Structure formats: C-alpha cells, structure tokens
Amino acid sequence: MRRGRTARIGAPHARARGRKLAVAVFAGLGLAWWAATGLGLVKPIFLPSPGSVVTQLGKLSGDGTLWLDLRTSIYRISVGFLIASALAIPIGVLIGSFRTWEAAIEPLVDFIRYMPVVAFVPLSILWSGTGDAQKFLIIFIGTFFQQVLMIMDNVKRVPADFIGLGRTLGLPDRRILTRIVVPSALPGIWDTLRISLGWAWTWLVLAELVAATSGLGYRITVSQRYFQTNTIIGYILLLGVLGLITDQVMKALGKVLFRQEGHVQ
C-alpha cells in the first residue's frame with residue numbers, strides 16, 4: 001500500500017529516498033559506461049573509458065588549462081546572465097502589469113525570440129569582435145527575450161484580489177507595483193531565473209565553439225580537431241556538473257528566500 005501511494009501522481013516522497021534514487025540513476029549510467037568501454041563494445045575514439053576521461057581531466061587540471069577555461073567561462077556567463085536578467089526583470093514586470101506597455105513591447109519580444117540564436121553568432125562577431133563582449137551578447141540574445149515573457153507571466157499570475165486590496169487601501173499604482181505585485185511575483189521570477197540560467201550555459205558554449213581563444217566551449221572545439229574524445233567527454237560532463245550545481249544552489253536559495261511560498265521547488 002505504501003509503495004502504491006508513492007507511485008501516484010503528485011504523491012510526496014521522503015527527501016532521503018529521492019536522493020537515493022538520483023544517486024542510483026547516476027551510478028547505473030556510470031556502470032553502463034564502464035561496462036561498454038571495458039568490454040570493448042565501443043571503440044575509445046567514439047567513447048573513451050571513465051578512467052581515460054578522469055586521467056585527462058587530471059592532466060589538464062595539473063597544467064592549469066582546466067582552471068583557466070573554467071574561470072573564463074564562469075566569468076562570461078556570470079556577466080552576460082546578470083546583464084540580461086537586470087534588464088528583463090523590470091521590463092517583464094512592466095508589461096505584465098500595464099496593458100499599454102504589453103501591447104507595445106510583447107509583439108516585438110515575441111518576434112525576436114523566434115529568431116535562432118545561432119544565426120546571430122556571425123553578426124555578433126562583426127558587431128563586437130571575438131572578445132568577451134561577443135559572448136555577453138550571445139548570452140543576452142539567448143536569454144533576455146525568453147526571460148521577459150516568462151517574467152510577464154509570473155506577474156500576471158498575481159491574484160487580482162491582491163491588487164484590488166491595494167486599490168481599496170488607496171495605494172497609487174507605483175506602490176501597488178512595489179509593495180504587492182513584485183513581492184507576490186518574486187518566487188515565480190526566481191524560478192524563471194533558475195531555468196533561464198541553464199539556457200545561458202548553452203548559449204555560452206555556442207559562442208565559445210565558434211569564436212574564442214579560451215573557455216570550455218573553445219577547448220571542446222580544439223579537442224575535436226585532434227580527436228581527443230576524452231577531453232570532449234570530460235568537458236561535457238563538467239558542464240553538466242556546473243549546471244547541476246548552479247541549479248541546486250538556486251533551488252536552495254529559493255527555499256530560503258521564499259520560505260513562506262510552498263510552491264517553490
């Protein structure tokens with residue numbers, strides 16, 4: 001009976017059990033990888049063994065290459081993501097609160113967000129060169145417009161009764177916005193930032209794959225030229241670890257900042 005209840009849609013489960021399941025999945029995948037390479041089912045040029053990947057990452061860490069790439073990519077994604085978020089939050093709140101601004105801005109944002117970010121890579125190189133500014137621009141294009149629309153939806157989900165209460169108390173629109181709308185929408189906005197941070201990693205790697213002299217994406221490109229599959233797999237796994245860490249940190253901070261909100265995951 002207990003197992004049946006936990007298998008139902010939306011059924012709660014203990015955190016310890018959830019962690020065990022997550023660890024079991026990762027362990028199973030790692031075991032399958034080790035078995036496939038150890039038994040010779042896959043050639044090393046296509047899929048190197050876990051030991052080969054770890055050894056290569058240790059070598060790159062020892063000579064400083066790994067840490068240089070890591071610092072460069074973290075710096076680029078931090079700056080680019082903060083710029084996009086700092087602009088997307090006020091614009092999203094604005095168009096989510098006022099119909100006039102929504103009519104003026106949302107169609108343009110919808111129009112641009114359907115344009116493929118990949119198509120902007122050569123243009124971004126022409127506009128800003130191959131330095132960090134080009135990486136910031138790609139991250140901005142890839143995340144800003146999506147963030148605006150998601151934050152707009154977060155604001156629109158604020159119950160109308162809350163706004164009506166503010167009007168009953170005689171608060172002007174500015175105070176309703178800052179005292180009622182924004183605080184009520186903040187948990188949803190935080191989740192939007194957490195989700196869009198994952199996209200930012202993708203766009204950063206895209207920019208570094210095409211035009212860069214350092215960074216995680218650049219190292220993957222160089223390794224591809226020399227068929228260093230162990231480096232490619234190692235850096236891809238590193239990107240996954242970085243994404244998982246940032247996601248879990250954002251989740252933990254959300255639980256602390258919005259403890260009163262039961263829906264924050």
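Scope of the values below: all heavy atoms of this structure, side chains included, with no hydrogens, waters or symmetry mates. Along the sequence shown, residues carry numbers from 1. Here the structure is a predicted model, which is why all the values come from computation and not from measurement.
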Point to revise | Residue pair Ser214 / Thr72: nearest heavy atoms and the distance that separates them | key: OG-CG2, 3.4 Å
Check your understanding: Is Ile189 reachable from Leu87 through a run of hydrophobic residues whose side-chain heavy atoms are each under 4.5 Å from the next?
Key -> yes
Point to revise | Audit row: Leu238, Leu70, side chain to side chain contact (heavy atoms under 4.5 Å, CB included) steps and yes/no | key: CA-CA 9 Å; Leu238 180 59; Leu70 192 59; 4.2 Å; yes
Point to revise | Polar side-chain atom of Ser124 near backbone of Ile138 as donor-acceptor pair, under 3.5 Å | key: no
Practice item. Give the minimum heavy-atom separation between Ile232 and Ser223, together with the two atoms involved. Key: CG1-CB, 3.6 Å
Point to revise | Interatomic spacing from OG in Ser97 to CG in Leu94 - rounded to 0.5 Å | key: 7.0 Å
Check your understanding: Under 3.5 Å, side chain of Trp199 to main-chain N/O of Thr143, donor-acceptor pair present?
Key -> no
Practice item. Could you check if a side-chain atom of Thr37 sits within less than 4.5 angstrom of a side-chain atom of Pro48, using non-hydrogen atoms only? Key: no
Practice item. Using the ring-ring contact (aromatic ring centres under 6.0 Å, His included) rule, collect all pairs that involve residues 22-45, keeping only residues at least two apart or in two chains. Key: none
Exercise for review: Please answer whether the main-chain N or O of Gln134 pairs with a side-chain N or O of Trp127 as donor and acceptor at a distance below 3.5 Å.
Suggested key: no
Review point. Cluster question for you: counting only ILVMFWY and a side-chain heavy-atom cut-off of under 4.5 Å, with indirect links fine, are Val54 and Leu244 together?
Key: no
Exercise for review: Apply the test side chain to side chain contact (heavy atoms under 4.5 Å, CB included) to residues Val181 and Ile163: give CA-CA distance (whole Å), side-chain angles for both, the deciding distance (0.1 Å), then the verdict.
Suggested key: CA-CA 7 Å; Val181 175; Ile163 300 174; 4.1 Å; yes
Check your understanding: Out of curiosity, does Ile233 fall in the hydrophobic cluster containing Leu29 (side-chain heavy atoms, cut-off under 4.5 Å, transitive links)?
Key -> no
**Study point:** Interatomic distance, Leu239 atom CG to Leu204 atom CG [nearest 0.5 angstrom]
**Key:** 8.0 Å
Check your understanding: Any ion pair linking Lys156 and Glu102 (charged N to carboxylate O, less than 4.0 Å)?
Key -> yes
**Study point:** Thr229 side chain vs Ile45 backbone, donor-acceptor pair below 3.5 Å
**Key:** yes
Revision key, fill the gap. Closest heavy-atom pair, Phe258 versus Leu186, reported as atoms and distance to 0.1 Å, is CE2-CB, 3.6 Å
Study note, to complete from the structure: Smallest heavy-atom separation, Ile176 atom then Leu171 atom, equals CD1-O, 3.5 Å
Point to revise | side chain to side chain donor-acceptor pair (under 3.5 Å) partners for Thr192, two or more places apart | key: Asn154
Check your understanding: How would you list all residue pairs meeting salt bridge (Lys or Arg N to Asp or Glu O under 4.0 Å) that involve residues 203-229, not counting sequence neighbours?
Key -> Asp69-Arg219, Arg76-Glu208
Practice item. Answer with yes or no whether the hydrophobic clustering places Val182 together with Leu253; edges join I, L, V, M, F, W, Y residues whose side-chain heavy atoms lie under 4.5 Å apart. Key: yes
Point to revise | Any donor-acceptor pair under 3.5 Å from Thr65 side chain to Ser61 backbone | key: no
Check your understanding: What distance separates Met250 CE from Thr246 OG1, expressed to the nearest 0.5 Å?
Key -> 8.0 Å
Exercise for review: Please step through side chain to side chain contact (heavy atoms under 4.5 Å, CB included) for the pair Leu242 and Leu216, ending with a clear verdict.
Suggested key: CA-CA 11 Å; Leu242 290 173; Leu216 299 175; 3.8 Å; yes
Check your understanding: Other than Tyr226, which residues form its hydrophobic cluster under the rule that side-chain heavy atoms must be closer than 4.5 Å?
Key -> Tyr218, Val222
Review point. Would Gln147 and Ser196 count as having a side-chain donor-acceptor pair, cut-off 3.5 Å?
Key: yes
Exercise for review: Would you sort out whether Leu193 and Phe81 count as a side chain to side chain contact (heavy atoms under 4.5 Å, CB included), showing the intermediate values?
Suggested key: CA-CA 9 Å; Leu193 296 180; Phe81 181 74; 4.2 Å; yes
Practice item. Mind listing the closest non-hydrogen atom pair of Val148 and Ile91 along with its distance? Key: CG1-CG2, 4.1 Å
Check your understanding: Are the side chains of Tyr75 and Asp132 in touch, meaning some heavy atoms are under 4.5 Å apart?
Key -> yes
Check your understanding: At what distance, to the nearest 0.5 angstrom, does CZ of Phe145 lie from OH of Tyr114?
Key -> 14.0 Å
Exercise for review: Report the residues that fulfil ring-ring contact (aromatic ring centres under 6.0 Å, His included) with Phe98, sequence neighbours left out, ordered by chain and then residue number.
Suggested key: none
Point to revise | Thr231 and its side-chain hydrogen bond (donor to acceptor under 3.5 Å, both in side chains) partner, picked from Lys59, Gln224, Gln56 | key: Gln56
Review point. Looking at Ser73 and Gly215, what are the two nearest heavy atoms and their distance?
Key: OG-CA, 3.5 Å
Revision key, fill the gap. Sorted by chain and residue number, the ring-ring contact (aromatic ring centres under 6.0 Å, His included) partners of Phe140 (sequence neighbours excluded) come out as Phe144
**Study point:** Separation between CG of Leu60 and CH2 of Trp67, rounded to the nearest 0.5 Å
**Key:** 11.5 Å
Check your understanding: Rounded to the nearest 0.5 Å, what separation is found between the CG atom of Leu57 and the CG atom of Leu237?
Key -> 8.0 Å
Practice item. Determine whether Val53 and Phe227 fall in the same hydrophobic cluster, where Ile, Leu, Val, Met, Phe, Trp and Tyr are linked whenever their side-chain heavy atoms lie under 4.5 Å apart. Key: yes
Point to revise | Minimum side-chain heavy-atom gap Ile151-Val93 below 4.5 Å | key: yes
